[in-house]
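Just so you know, ligand 1 is whichever comes first in the structure, and atom 1 is the first atom listed for that ligand.
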Amino acid sequence: MTTSYTKDEIAALQEKAKRHLWLHFTRMSAYADNDVPVIVSGEGQYVYDQRGKRYLDGLAGLFVSQVGHGRTELAEAAARQAKELAYFPLWSYAHPQAIELADRLASLAPGDLNRVFFTTSGSEAVESAWKLAKQYFKTVGQPGRYKVLSRYIAYHGTSLGALAITGLAPIKAPFEPLPPGGVRVPNTNFYRAPAFAADDETAFGVWAADEIDRAIEQEGPDSVAAVYLEPVQNSGGCFPPPPGYFQRVREICDRHGVLLVSDEVICAFGRLGYYFGCERYGYQPDIITFAKGVTSGYAPLGGMMVSDRLMEPFGARTVTEPSHGGDAGQQQSWLVGSAGSRMHTSEGPASFLHGVTFAGHPVSCAVAMANLDVFEKEDLLGNVRANEGAFRATLEKLKDLPIVGDVRGDGYFYGIELVKDKATKETFDDDESERLLRGFLSHALFDAGLICRADDRGDPVIQLSPPLTCGQEQFDEMEQILRSVLSQAWTKI
Ligand SMILES: Cc1ncc(COP(=O)(O)O)c(C=O)c1O
């Protein structure tokens, strides 16, 4: 469905956008003499701007729109729920949509990840997991554990706690000092592996995992609460794990009593062909954080899934039969006299001292259920698994361009690293990067009808993460646009 605006409407929106809207992570000065890009509608794998121009959504918005745009069934699920019960909190009460979704996610998640704590976003999910880890260890008599390890260049969100876990120094600097306890370890960028492991991915993985071990030893194991890892690290341009990496990390975490958090804000819900990215690589985390694709963006929702073991001090029942309410008198409920407190299955005195007003919003949960229905009906995981080889092969054709150093990723999640010299892997300096990515590529790709991400938070990369409904037609379109624009870029270096 395309909706074209009149010239006057376009001008009026531009004026208001420039006057009043503040875009995230955006130099607003860039729009002083240029139009703000305004997307007004979407259908399937495509979105449309005010003039009715079509773009292939090669980034699923922002790693979000798994089922694609314009899905009536998700919109209708939202409308139905808003009519039935638009809002009620998960503080002491429950509502059927949160219950049903928690039950469904528990049935999809691997191992003993049975408990869902909802949030509204990925940053909140990441930060909630840290808070849970800290309170958990205090509750079980290990109060010294508060530090979190994460990888260089990894992005885990922007709220202050999540930012402390994020490994991107430039976006942290203005907000220092951040909450203490963030420790960095190497990421799994095999393209830029140290010389001793440059030809052996397995050895590289052993080294990268052992660096986590070394960091825990150095910090003092009794001070470390958790290790945060994405199944495929997004920032830096899609670093998949080397073979055996996660198995070794799991062993290291177990040996030191440290929690393994799989940050799947991007990698869950089909991005890698599985409901959860950890399934693809065969490891069992203690906590999964998720957001984005759980609703395909038709409403905001995030959360964390935790193991029974972590819930124990907070009164988890590990029995499998349905629970029938606990002793409300043992709850620390702030909503005095709320009937909802009777729904708790708690058997202990502790409660997790954390909550968010809109977390597990009924409309978002209803949308998530409808989203998962689409996954099942259309076998979207099957689609990704069946076509990911074709996606990779199509993108790898770009390797014949002098500017393309590496094509890497898994599932429907790829990064293309741009280099100045393929033979030496020499990258661009800051000025070149600025000219190439901000000065040319971002605009040129958009003008050519492809939404993707040109990112230089690590070495310069183009990132692709299209809706899971894509097939060869869209792969070819991406390849053709990239080929043309990257060839032009090479002439501008
Ligand atoms: C791995 C990861 N964690 C956390 C976040 C933060 O999510 P949000 O932007 O919903 O706060 C992101 C966002 O892209 C992410 O990619």
Asker: Counting only heavy atoms, which portion of Glu124 has something under 4.0 Å from ligand 1: side chain, backbone, both, or neither?
Answerer: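 Glu124 to ligand 1: no contact under 4.0 Å from either part.
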Asker: For Glu230, which residues count as a side-chain hydrogen bond (donor to acceptor under 3.5 Å, both in side chains) partner, sequence neighbours excluded?
Answerer: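 side-chain hydrogen bond (donor to acceptor under 3.5 Å, both in side chains) list for Glu230, sorted by chain: empty.
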Asker: Testing the 3.5 Å rule here: is there a donor-acceptor pair between the side chains of His156 and Ser150?
Answerer: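 No, because no side-chain N or O of His156 sits under 3.5 Å from a partner of the opposite role on Ser150.
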Asker: Could you tell me the residue and atom name of the protein heavy atom closest to atom 5 (C) of ligand 1, and the distance to it rounded to 0.1 Å?
Answerer: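 The protein heavy atom lying closest is Val265 CG1, 3.8 Å.
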Asker: Do ligand 1 and Asn234 have nitrogen or oxygen atoms that lie under 3.5 Å from each other?
Answerer: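 No, there is no polar N/O contact under 3.5 Å.
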Asker: Could you tell me which atoms of ligand 1, counted from 1 in the order shown, lie closer than 4.0 angstrom to a heavy atom of Lys292?
Answerer: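 Close to Lys292: 13 (C), 14 (O).
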Asker: Students should be able to answer this: which protein heavy-atom is nearest to atom 3 (N) of ligand 1, and at what distance?
Answerer: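 Among all protein heavy atoms, the one nearest atom 3 (N) of ligand 1 is Asp263 OD2, 2.7 Å.
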Asker: I need the nearest protein heavy-atom contact for atom 9 (O) of ligand 1: residue, atom name and distance, please.
Answerer: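 Its nearest protein heavy-atom neighbour is Ser123 OG, 4.4 Å.
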Asker: Using atom types as modelled and distance alone, determine if a side-chain donor or acceptor of Thr120 lies under 3.5 Å from a backbone N or O of Leu301.
Answerer: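 No; zero donor-acceptor contacts below 3.5 Å.
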Asker: Say whether Glu264 and ligand 1 are in contact under the criterion: heavy-atom distance to a ligand atom below 4.0 Å.
Answerer: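 Heavy atoms of Glu264 never come under 4.0 Å of ligand 1.
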Asker: Could you walk me through whether Asn371 and Tyr298 satisfy the side chain to side chain donor-acceptor pair (under 3.5 Å) test, starting with their C-alpha distance in whole Å, then the side-chain angles of each, then the deciding distance to 0.1 Å, before giving a yes or no?
Answerer: CA-CA 9 Å; Asn371 185 45; Tyr298 285 74; over 6 Å; no
Asker: Mark up the atoms of ligand 1 that fall under 4.0 Å of a heavy atom belonging to Ile266, in ascending order.
Answerer: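 Answer, ordered by atom number: 16 (O).
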Asker: Would you confirm whether the ring centroid of Tyr46 sits within less than 6.0 angstrom of the ring centroid of His69?
Answerer: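 No, the ring of His69 stays outside the 6.0 Å limit from the ring of Tyr46, centre to centre.
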Asker: Answer side chain, backbone, both or neither: which part of Ala291 comes under 4.0 Å from ligand 1, heavy atoms only.
Answerer: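 Neither; nothing of Ala291 gets under 4.0 Å from ligand 1.
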Asker: Which bit of Phe63 gets closer than 4.0 Å to ligand 1, counting heavy atoms only: side chain, backbone, both or neither?
Answerer: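 The answer is neither; Phe63 stays 4.0 Å or more away.
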Asker: Checking a contact table here: which protein heavy atom is nearest atom 10 (O) of ligand 1, and how many Å away?
Answerer: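 For this ligand atom, the closest protein heavy atom is Gly122 N, 2.8 Å.
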